[in-house]
Amino acid sequence: LTENQTTHLSKLLSYILRHKPGEYGIVLDENGYANVDELIQRLNEHHVNIDFATLQHIVDTNNKKRFAFNEDGTKIRASQGHSVGVELGYTEQQPPAILYHGTVEKFLASIMKDGLQKMNRHHVHLSADTTTATKVAERRGKPIILEIKAGEMFAAGYAFYLSANGVWLTEHVHVDFIL
Ligand code: HQG
């Protein structure tokens with residue numbers, strides 16, 4: 001498989017497992033898992049050439065570890081980023097004092113008024129390092145990196161979750177906690 005093909009399949013998997021399982025005849029369980037055999041079969045029916053070895057390769061090599069198998073390897077899910085309603089079951093955790101959010105200029109006025117909103121996803125996504133936040137922002141243009149006083153938020157009672165692939169998640173960031 002070329003890198004391009006792997007990236008293409010990874011994007012398709014993100015699309016299906018986070019946003020539109022029904023479009024490919026997939027049903028996610030309440031925790032966001034798709035049955036592996038069924039996923040491969042449905043994809044093949046939709047003329048997507050993928051087998052178990054390829055799926056395993058994508059899970060293993062994905063640059064952001066976007067996907068994870070369940071314990072016995074019969075099911076697969078996206079580790080974060082969903083717009084469909086799933087319960088990922090992450091436990092609350094104490095975040096580092098500062099987390100980062102990468103965004104772009106055109107959203108700033110709105111963010112400084114309403115705080116960080118989760119928009120179409122389940123949570124606001126925050127990064128532990130500026131390199132990751134910069135990559136997130138670069139999807140949209142020239143990066144603007146906001147520093148979030150996560151430690152103070154946590155002390156004030158706001159819940160934080162750490163996804164299986166290291167993304168910090170929270171419901172909303174009030175402007176008071178944006179540096
Ligand atoms: C912005 C990718 C106006 C926010 C990334 C962002 C990440 C507001 C956009 C993950 C706002 C939402 C998530 C407000 C927030 N007014 N704009 N009040 N509050 N925004 O894609 O954080 O590669 O839902 O700044 O790497 O960009 O797909 O969130 O620009 O980890 O695995 O609204 O998605 O991961 O955009 O990205 P998104 P995000 P993957």
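Order of listing sets the numbers, starting from 1, for every ligand and every atom in it. Start at 1 with the first residue, then count along the sequence.
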Any side-chain heavy atom of His123 sitting closer than 4.5 Å to one from Gln80?
no
Below 4.0 angstrom from a heavy atom of [X], which ligand 1 atoms are there? Numbered from 1 as shown, please.
X      : result
Arg66  : 23 (O), 32 (O), 40 (P)
Thr103 : 4 (C), 25 (O), 30 (O)
Arg18  : 28 (O), 32 (O), 40 (P)
Gly115 : 14 (C), 18 (N), 19 (N)

Ala78 near ligand 1 by a heavy-atom separation under 4.0 Å:
no
Please confirm whether His101 comes under 4.0 Å of ligand 1, counting heavy atoms of the residue only.
yes
Do Lys135 and Glu138 pass the salt bridge (charged side-chain N to carboxylate O under 4.0 Å, His left out) test, and can you show the C-alpha distance, the side-chain angles, and the key distance before you say yes or no?
CA-CA 5 Å; Lys135 282 189 200 141; Glu138 278 172 343; over 6 Å; no
The one among [options] that brings a heavy atom closest to [atom]:
atom                    : options                        : result
atom 11 (C) of ligand 1 : Asn120, Ile111, Leu126         : Ile111
atom 36 (O) of ligand 1 : His125, His172, Arg140, Arg121 : Arg140
atom 12 (C) of ligand 1 : Lys106, Lys64, Lys11, Met119   : Met119

Locate the shortest heavy-atom distance separating [X] from [Y]; write the atom from each residue and the value.
X      : Y      : answer
Phe107 : Arg140 : CE1-CD, 3.8 Å
Ile40  : Asp51  : CD1-C, 3.9 Å
Leu126 : His101 : CD2-CB, 3.7 Å
Ile58  : Ser10  : CG2-CB, 4.1 Å
His125 : Val167 : ND1-CG1, 3.7 Å

Could you tell me whether Asp114 and ligand 1 have an N or O pair separated by under 3.5 Å?
no
Has ligand 1 got any nitrogen or oxygen that is less than 3.5 angstrom from a nitrogen or oxygen of Ser110?
yes
Give the residue and atom name of whichever protein heavy atom lies nearest to [atom], and the separation in Å to one decimal.
atom                    : value
atom 1 (C) of ligand 1  : Phe107 CD1, 3.7 Å
atom 37 (O) of ligand 1 : Arg139 NH1, 3.3 Å
atom 15 (C) of ligand 1 : Gln117 O, 3.5 Å

Distance-only donor-acceptor check, side chains Asp72 and Thr74, under 3.5 Å:
yes
Can you see whether Tyr90 has Arg77 sitting over its ring - NZ or CZ less than 6.0 Å from the centre and within 45° of the normal?
yes
